[in-house]
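Working notes, structure below.
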Amino acid sequence: MPNNNLQNYNPEFLARLYHDMVLIRRFEERASELRNAGHIPGFLHPYIGQEAVAVGICAALGKNDFIASTHRGHGHILARGGEPKHMFAELYARQDGYNRAKGGSLHIANIELGIIGANGIVGGGIPLVVGAALAIKRANEADYPGTEKCAGGVSVVFFGDGASNEGSFHESLNLAALWKLPVIFVCENNLYGEFTSQEKHQTIKDIASRSSSYNMTGLIADGNDVLDVFHVMTTAVDNARKGNGPTLLECKTYRHRGHYEGDMAHYRPKEEVEFWMAKDPIDNFGKRLMEGSLMKKEDFQTVEDEIEKTLVDAAEFAGQSPHPDPEEALENVFVESYEGRALL
Amino acid sequence: MPNNNLQNYNPEFLARLYHDMVLIRRFEERASELRNAGHIPGFLHPYIGQEAVAVGICAALGKNDFIASTHRGHGHILARGGEPKHMFAELYARQDGYNRAKGGSLHIANIELGIIGANGIVGGGIPLVVGAALAIKRANEADYPGTEKCAGGVSVVFFGDGASNEGSFHESLNLAALWKLPVIFVCENNLYGEFTSQEKHQTIKDIASRSSSYNMTGLIADGNDVLDVFHVMTTAVDNARKGNGPTLLECKTYRHRGHYEGDMAHYRPKEEVEFWMAKDPIDNFGKRLMEGSLMKKEDFQTVEDEIEKTLVDAAEFAGQSPHPDPEEALENVFVESYEGRALL
Amino acid sequence: MSEVATRRISYSQALNEALSEEMERDPSVLMLGEDVAAPGGVFGVTKGLYEKFGENRVLDTPISEEAMVGAALGASLLGVPTVTEIMFGDFVTLAMDQLVNQAAKFHYMTGGRTSAPMVVRMVTGTAGATAAQHSQSLESWFTHTPGLKVVTASTPYEAKGLLKSAIRDPDPVMFFEHKLLYNSKGDVPEGEYTLPLGEGAVVREGTDVTVVAYLNMLPKVLQAAKKLDREGISVEVWNPRSLVPFDRAGLERTLSKTGRLVIVHEAPRRSGFGAEIAAIAAEEYFDSLKAPICRLGGANTPIPYAPEMENRVIPGVENIIEAVRQTLR
Amino acid sequence: MSEVATRRISYSQALNEALSEEMERDPSVLMLGEDVAAPGGVFGVTKGLYEKFGENRVLDTPISEEAMVGAALGASLLGVPTVTEIMFGDFVTLAMDQLVNQAAKFHYMTGGRTSAPMVVRMVTGTAGATAAQHSQSLESWFTHTPGLKVVTASTPYEAKGLLKSAIRDPDPVMFFEHKLLYNSKGDVPEGEYTLPLGEGAVVREGTDVTVVAYLNMLPKVLQAAKKLDREGISVEVWNPRSLVPFDRAGLERTLSKTGRLVIVHEAPRRSGFGAEIAAIAAEEYFDSLKAPICRLGGANTPIPYAPEMENRVIPGVENIIEAVRQTLR
Ligand SMILES: Cc1ncc(C[n+]2csc(CCOP(=O)(O)OP(=O)(O)O)c2C)c(N)n1
Ligand SMILES: Cc1ncc(C[n+]2csc(CCOP(=O)(O)OP(=O)(O)O)c2C)c(N)n1
Ligand SMILES: [Mg+2]
Ligand SMILES: [Mg+2]
């Protein structure tokens, strides 16, 4: 059973967690620069500050598992194995983007990687993973083409504190609990829905407590501690795989930046921001790795250098990817030709 | 503080509770006969068995209070002062119906009586009372035309166990709790949503427990005991009027008949039906009144006779009410003329 | 056409056969809905399927239309086709986000890299004094939602053939049935068959005027056509079957023959699908038109409760006859 | 017309003034929406109102569109008019039941004995690569929903005058704004005024062809008209302002003058409100038509992310010019 003690983990695993968090942070910083430089036409919702959640959650997942994400989705997608070059290409609105420039930041998806998709509708992805879990259950029960792609899997949805007030949240949790589906509902409570603080949008503090409405397990993780997230998530995943049903997992965290690129976030008290900045998930995990002699100073630089190169290459790849032909806009409304199951 | 002890109540009040329950029972029986006789064109969802809920709840309400109801709404409307003759006229689809034959069973409404309306959409009425409470709050704060009609009021919505799985339930409770609105959410848990039993549509037993998701008071009443319902409701109403916010009040009850007139309800275990039949709210309350010497045998007959006459007259009134002119179908899409506020 | 053995079965049985055959053909297909399992659906369309395919494939859902449709979409995105029943079409209002913002757009938003083979069946139309929230005909909305296919079934033959095609279709299909048709009977082939989406049918040949109709307006139009025949007016009746994709060639053929167009549907006239058909004709076949187009739709009102008012707001045989006569004036 | 003193203000300021004046005029009016209070709305339309009218009258709601719209309706039924902002029109999908099954039908279902003075404002249209779920134009659905009024505001003058009327209207009004218009400027009278719902306006006089347009297609059509002028083509531009009620007389006047009709909107062409306008013309003014009607709408696709594809699916000035020329051919 994994826990919060560094010694219980494989050093490479720990290094990968660190790496992935830094990758997300730098990706988001770079995306913001690239947007300011005019390379990205759409809007962005930076994930900076919440990296431990995406990385801790996805580290507990395997090949046959699926995630659905949100408007603040880059972190989830990177943590699940999304490649920066195809992500930048998508943000650049180029042909090599994951969605061939049709989706943009809000809609990056790749079912082969287990990514059902980011989502522009708050709460919109929650019912989808209930369905994904239904498909998984069906694959566990019966052999049909594609079964091998999801049998034994779990499905996971990320959503925010704000989203936990949408009807889709309630309906989906009820359904997943009723059918004992292998779903983990990951609520990233970053204390704000847009410009509205949690106490102005709901009367509870612990969103995990809403699990009781469905007789579902509710767990809370320190969303700024990647190992804690991983540890708690592992419990939830085990339960789901064993057929014990879904979990509502709340990760307490904070976004460092505004709601979207450009929002100065003046609505947040200075002390609050400072409190959370001091809990930076990357700094703190880095410190622990140093203290545990698992990474040396120069190792951090190596990570940064490697990521810098990845992102420079990715941006270059994106910049060189062809613009879509405007006529492509008329394609893909319907599946043009269909032989057998489209995806799995 | 009222409670479950007969001695604490005014005998006339108790007699009225009994009367109102019997009125509902006989109204529903008569409606079913009238439908079978071809006088009522639409479908009906009989309230028989649940009378203690409507009567206990509405007994705790005053003039400036509002209720919203459901597809199974006759009981609520009668308990709130709806007149059988205008109700039958509506069911008969005649001009003297509450809705001038445009609504039918599913939509009977009368704002003057504090009845926002029955509703054909499961969960559809729940957000409406949040709004009604907003209007009440506004009336409490400011003087404007109509204020006197709702100032100091509370608003109440009835809905079923099945409805508690709809998104509108969740969103509305969150909103009412956040704004500390004077709303009482009355869940009539009759153990079935249509043909599906509670354990097949949710994983909890006590729907009142869902209140914790909103840091809201949750209360449970014996929905077959009119005094218990009244007692618990009084607490909730007091709280709401004092500005302490909403309550989720679950009344455990059972419908004696099928989901709709014509449903034989074969999906229910015989023992379950028998168990609940023995808890008939009218029989049991009648027995208590007898034991407490509050009503004598002949008093019961008097009640029955009076109600019989009311209903015979009501059906006659309905039968003699003119059919609508088909051309009326084209009216009332929009408010034709509007001077000042339409209603209040 | 070679002789095909047929039987007379009801529309509702035809739907049931389509569901049963497709679930047999493809072991992954799932069915979802409120009271569709043991109860067999409030209109009885799914009777026996629960017994046949078991609780893993025929699922009763709680009353939560948004999650139900979203779950259907999620499963279909992973390659598990779904058929979801919305008990009354009016309740689709609760699932609009999952249908419009999710299902309709997924294939497109992902640059063609996902597919959502899902069918949403729903009953539509006015009957039996069920009033404003149980009587609507909402198909037009979905024709205005790119990414959704929209199918209407007007006879047992169509019900079975179109539903089977819809289930095999890789895209989300909104499948409209009509309350008053469930008990109607018609000839249905003995063996396996499907009807393609996007192909209309001339239901009755004629030369003077084309009347377009679907769902429960089709039998009314056929009645009207018969009566008009006695007046010497020859009515061609054309049924588009699927509204998206729409059989333009079929419309063109009948219009170039008759030059006159009446369109009848139960949905409110304003912005109903009749407007689209009229607009297509006024744009593309303007020169074949010998007279003003005439649309007959439901009144622009909610559906009232009283039967006499209900009748007033839905086109009747007499209204259709009058419209045809007027077009010929 | 007597001289009226005007100022040049932005569309967004015009809306803000309308809200502010109406909330001042009527102490009962409430405003609801996500981040409409202190933040002033994501498009800034409600800026300053929270400060002016306080937290009892300008309410931030949690992210729960269904309850928000339902609550607005409940308050309005009790005589408290409400103005609700749906942050992006695309999210109205989550409130469809409260709008369509409740708000639209209440007055009717109760035999005229209730009234729901509520306005639902929403921003619509394609701009800035916001992709498929933040770019739609959904007005047509609501024109197909009897009981709802549907208003579009295309200029600052209209924005203020129509919004004020909408707030005073006793019926539910769906009020459509456009992202790209918020910063556009125009002349607005100094003093109090309202514009009636149901009255269109000739925005530019012409004789050869009528082009109907609203929202952000209106400025594009005006540009096209200018260019066409140089070719000697005289374009009359007509803006219906409200789609329900619709100014048939206004349409008739312009059509009887020009005899040619082009309709332009951003919403997908299929079953867009252009279909309804085309159908009205093909039914009622058929004999004044000298040429096939031409509808120009958004492509029948979801809105793509890439700007070059975005442009491809929305009618542009060149498309409008081409359509007009074709109609004159
Ligand atoms: C249905 C819907 N309503 C509103 C919005 C606008 N919106 C986008 S993000 C957001 C805030 C979401 O808050 P939360 O769920 O806490 O996620 P966070 O942004 O904090 O990650 C809102 C209101 C939307 N995209 N979809
Ligand atoms: C949104 C919606 N979904 C489904 C229905 C069909 N329906 C009518 S009543 C009902 C069951 C409601 O169950 P519950 O809320 O427990 O109320 P009860 O009938 O037991 O009083 C259903 C599914 C409906 N009217 N509205
Ligand atoms: Mg948040
Ligand atoms: Mg029930």
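Reminder, nothing fancy here: chain letters follow the sequence lines and each chain counts from 1.
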Quiz prompt | Structural part of D:Glu284 lying under 4.5 Å from a heavy atom of chain C | solution = side chain
Quiz item: Given a strict heavy-atom distance threshold of 4.5 Å, which part of D:Glu66 is in contact with chain C: side chain, backbone, both, or neither?
Solution: side chain
Exercise. Measure distances from C:Val92 to the heavy atoms of chain D and classify the residue's part below 4.5 Å as side chain, backbone, both or neither.
Key: neither
Quiz prompt | Which atoms of C:Ala281 approach chain D - backbone, side chain, both or neither, heavy atom under 4.5 Å | solution = neither
Point-to-point distance, once rounded to the nearest 0.5 Å, from [atom1] of [X] to [atom2] of [Y]:
| X | Y | atom1 | atom2 | value |
| --- | --- | --- | --- | --- |
| C:Thr93 | D:Leu99 | OG1 | CG | 10.0 Å |
| D:Leu94 | C:Leu94 | CG | CG | 10.0 Å |
| C:Arg295 | D:Ile280 | CZ | CD1 | 6.0 Å |

Quiz item: Based on non-hydrogen pairs under 4.5 Å, which of C:Gly147, C:Gly274, C:Ala275, C:Gly298 is most in contact with chain D?
Solution: C:Ala275
Quiz item: Between C:Ala278, C:Pro302, C:Ala279, which shows the greatest number of heavy-atom pairs under 4.5 Å with chain D?
Solution: C:Pro302
Pick from [options] with the largest number of heavy-atom pairs that fall under 4.5 Å of chain C:
| options | result |
| --- | --- |
| D:Lys105, D:Glu65, D:Gln98 | D:Lys105 |
| D:Pro292, D:Pro304, D:Cys294 | D:Pro292 |
| D:Tyr305, D:Trp141, D:Phe246, D:Phe91 | D:Trp141 |
| D:Ile303, D:Thr143, D:Asn300 | D:Thr143 |

Quiz item: Do you know the tightest heavy-atom contact between C:Ser271 and D:Phe273?
Solution: OG-CD1, 3.5 Å
Quiz item: Where do D:Gln133 and C:Asp97 land on the side chain to side chain contact (heavy atoms under 4.5 Å, CB included) test, with the steps shown first?
Solution: CA-CA 10 Å; D:Gln133 294 172 342; C:Asp97 189 70; over 6 Å; no
Exercise. Check for a donor-acceptor pair, side chain of D:Asp90 on one end and backbone N or O of C:Asn101 on the other, with a separation under 3.5 Å.
Key: no
Quiz item: Is there a side-chain contact between C:His144 and D:His144, using heavy atoms and a 4.5 Å cut-off?
Solution: no
Quiz item: Does some side-chain heavy atom of C:Gln136 sit less than 4.5 Å from a side-chain heavy atom of D:Val100?
Solution: yes
Exercise. Spell out the residues in residues 261-270 of chain D that have some non-hydrogen atom less than 4.5 Å away from a non-hydrogen atom of chain C, in order of number; otherwise answer 'none'.
Key: D:Ala267, D:Pro268, D:Arg269, D:Arg270
